[in-house]
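First comes the structure, then the notes that go with it.
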Amino acid sequence: LSCANRMSETSEEMMVDMSDQSASPPLGLEEHSLDDSLIHGSALSKAAAPHSAPKKNSLCYDIFMPILVVALFAGGLVTILVANNWRANDPTEIAKIYHEKHPFIDGKNQLPYAIKAIYKGDLKSVNLNEEHTAIATDIPGVRKGKLGGVVWSSYMPCGIIYGNEGPAAVERTLYQMDIIYDIIRKYYTTFKIASDPAEVPEIFSNDKLVSSVISIEGGHQIHDDLSVLRMFRKLGAISMSLTHECSTAWAETENPYNTQYTTVKGITDFGVSVIAEMNRIGMMVDLSHTSVAAMTLGLQVSQAPVLFSLSGAKALCDSPLNVPDSLFDPIAKKGGVVMVPLFPPAICGWAATLFDQYRAGLITQTNLVQQYDESTQSCGIEEVFQHIDYLKTKLGVSRIGISSNFDANLGLAIKDLENTSKLINLTARLVKAGYSENDITGIIGGNFLKAWAVAEQVSEEILLEELGGQRPTGIFTL
């Protein structure tokens, strides 16, 4: 206030002075304005020394300027702190931090089959570095959704397999595996093959790449031959679903409209030998797409943790794809993982009803998509979260994973989780629900990696016993 009064007095003195010398400006002011002197913090000139106003203003500048600087700095600091505090409490921002620290692993992705179906298997016809609407998986989406690992599915439909065309299953599975390796080779700055679970965090942290592994989508693809199973493992497949839409000669599908091997119930003796061989070579048993009887027996005979790569909680959505509560205890004891899918018919009961009509041949795929899109019923991120939360309570948080099934969802999509770019939204929902970082880390990938590691350990123990306690190194000892 004192300095402000002095500024006022200075102004009055200058006015009087200027009125007395109206013929010419004060000496020195013709070259230096008052504003310039305040900006530069100096007196006007030696010639202007007789005038006391500039000195008074300079003194005020010296007093006020540091205060002003401190005030501006403090205000900026407060702004930064408020912004950082907002980020620290925003679920999406926290989810991004988690995805940067821990790999989000998609437990089932069908892009390789989409490339075959849409682009005739020609990678030159599609640039994954660009955003796409025809497919749900592209590299911009992978980056935005902060995907850290992916299990590429090598899938061939059941319809072409049995009868005289049986060997085509093996050939076409190899064709799909070749597409997977082509993707990894062409987009080597994004993807890298992981041969064991320990490599995944290394690839993620050190190479900043997306770990890639391979799964076989159905037991029909080995053409009832264990030597084919072993070769698929040597080519990098780490898991296999015992069945898909059709039963095999040794395992029963969950599909109520299956027309192949309809007399097979549960798992046959040969099916048990398939599981035993998968345990021996370190290939995880996937029980999604199997009947409840097959699920039950598979859990009993497998020595290693099992996967359910496309299953939610049957109590929330009465789909034959899903796992009943009665199997939660054996799954937990076996160290298995139920990977909640982003496949609407496995998440929402009304979507499961539509899917059942499609399977029964009552509606076409076009009708299915149209009725799904036009429905006023919800099937979004909240319903996916409800499955996760239910499994957390009934099965245990360390037994949960995530699989998108992207590019094989028949044109159906979970709202706000339509493609890879949206995966961060699911993690944000877990943050919002109060899940701990440790729990979230497990759900988005850690639980899957632990199950895979135990499966490898079981394989190691079996092989060591076979070889008298000394195992040669290299994958060709499988």
Side-chain angles (χ1 to χ4, degrees), residues 105 107-109 112-113 116 121 149-156 161 166-185 188 191-200 202-203 211-244 248 250-251 270-286 302-307 309 448-449 451-468 470-478:
I105 299 172
K108 185 189 292 288
N109 188 294
Y113 188 75
K116 176 189 179 298
V150 60
V151 180
W152 300 113
S153 176
S154 178
Y155 163 69
M156 293 305 301
I161 300 307
V170 179
E171 176 188 347
R172 298 187 188 193
T173 301
L174 290 171
Y175 177 85
Q176 285 301 113
M177 295 179 81
D178 186 53
I179 290 177
I180 292 169
Y181 277 105
D182 277 349
I183 292 171
I184 298 168
R185 179 169 54 251
Y188 65 92
F191 304 110
K192 184 176 182 179
I193 197 74
S195 59
D196 62 63
E199 285 188 354
V200 174
E202 293 176 2
I203 291 171
S211 296
S212 297
V213 295
I214 301 172
S215 68
I216 306 297
E217 188 71 5
H220 61 278
Q221 293 175 240
I222 67 170
H223 191 42
D224 309 333
D225 192 332
L226 295 182
S227 65
V228 174
L229 177 71
R230 286 189 288 270
M231 288 309 300
F232 284 165
R233 176 68 185 95
K234 290 170 183 176
L235 289 172
I238 69 163
S239 67
M240 182 180 76
S241 305
L242 298 188
T243 66
H244 198 261
T248 65
W250 45 273
F270 180 74
V272 171
S273 68
V274 171
I275 293 175
E277 187 65 6
M278 292 177 74
N279 290 164
R280 190 183 78 86
I281 63 178
M283 198 169 183
M284 287 185 285
V285 177
D286 187 348
S302 179
Q303 297 181 57
V306 300
L307 295 178
S309 67
F448 169 77
L449 292 178
W452 182 10
V454 174
E456 294 233 322
Q457 182 181 351
V458 169
S459 170
E460 181 77 15
E461 292 170 355
I462 294 172
L463 290 171
L464 282 173
E465 184 176 351
E466 284 183 1
L467 299 172
Q470 293 185 344
R471 179 186 177 187
T473 59
I475 194 169
F476 291 102
T477 62
L478 294 176

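Excluded from the calculations below are hydrogen atoms, water molecules and symmetry mates; all remaining heavy atoms, backbone and side chain alike, are included.
Between Asp178 atom CG and Thr173 atom OG1 the span is 12.5 Å, to the nearest 0.5 Å. Rounding to the nearest 0.5 angstrom, the gap separating the CZ atom in Arg172 from the OG atom in Ser154 is 12.5 Å. Note that CZ of Phe232 is 6.5 Å distant from CE of Met177, once rounded to the nearest 0.5 Å. For the atom pair CD1 (Ile275) and CE (Met240), the distance works out to 9.0 Å, reported to the nearest 0.5 Å. With values rounded to the nearest 0.5 angstrom, Ile214 atom CD1 is found 9.5 Å from Ile238 atom CD1. Between the CG atom of Asn279 and the CD atom of Glu461 there is a distance of 11.0 Å, given to the nearest 0.5 Å.
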Inset, instruction - Start with the C-alpha gap between Arg280 and Arg230, add the side-chain angles, then the distance that decides, and say whether side-chain contact (heavy atoms from CB on, under 4.5 Å) holds. - result: CA-CA 10 Å; Arg280 190 183 78 86; Arg230 286 189 288 270; 3.7 Å; yes
Inset, instruction - Check the pair Ser212, Ile180 against side-chain contact (heavy atoms from CB on, under 4.5 Å), reporting the backbone distance first and the verdict last. - result: CA-CA 9 Å; Ser212 297; Ile180 292 169; 5.8 Å; no
Legend entry - Chi angles and distances behind the side-chain contact (heavy atoms from CB on, under 4.5 Å) call for Leu449, Trp452: CA-CA 5 Å; Leu449 292 178; Trp452 182 10; 4.1 Å; yes
Inset, instruction - With side-chain contact (heavy atoms from CB on, under 4.5 Å) as the test, would you mind laying out the steps for Ile462 and Gln303 before giving the verdict? - result: CA-CA 10 Å; Ile462 294 172; Gln303 297 181 57; 4.0 Å; yes
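Few gaps surround CZ on Phe270; more than 12 heavy atoms of other groups in view lie less than 6.0 Å from it.
In this view, Glu465 satisfies the salt bridge (Lys or Arg N to Asp or Glu O under 4.0 Å) rule with no residue, not counting sequence neighbours. Judged as a ring pair (Phe, Tyr, Trp, His ring centres under 6.0 Å), and not counting sequence neighbours, the contacts of Phe191 are Trp152. Applying the salt bridge (Lys or Arg N to Asp or Glu O under 4.0 Å) test to Lys116 and every residue at least two apart in sequence or in another chain returns nothing.
Summarising the geometry of Ala194 relative to Ser211, their closest heavy-atom pair is CB-CB, 4.1 Å, with the distance given to 0.1 Å. In terms of heavy-atom proximity, Met283 sits nearest to Leu229 at SD-CD1, 3.6 Å. The heavy-atom pair separating Glu199 from Ile193 by the smallest distance is OE1-O, 4.0 Å. Taking all atoms of both residues into account, the shortest heavy-atom contact from Ser239 to Leu307 is CB-CD1, 4.2 Å. For Pro305 against Ala451, the heavy-atom pair with the smallest separation is CG-O, 3.9 Å. The two residues His220 and Thr248 make their nearest non-hydrogen contact at N-CG2, 3.5 Å.
Remark: Lys108 engages Glu217 in a salt bridge, criterion side-chain N to carboxylate O under 4.0 Å.
Remark: side-chain polar atoms of Asp286 are paired, donor with acceptor, to backbone N or O of Ser309 under 3.5 angstrom.
Annotation: side chain of Val274 is not in contact with side chain of Glu277 (no heavy-atom distance under 4.5 Å).
A tilted orientation is assigned to the rings of Tyr155 and His244, their planes being inclined by 30° to 60°.
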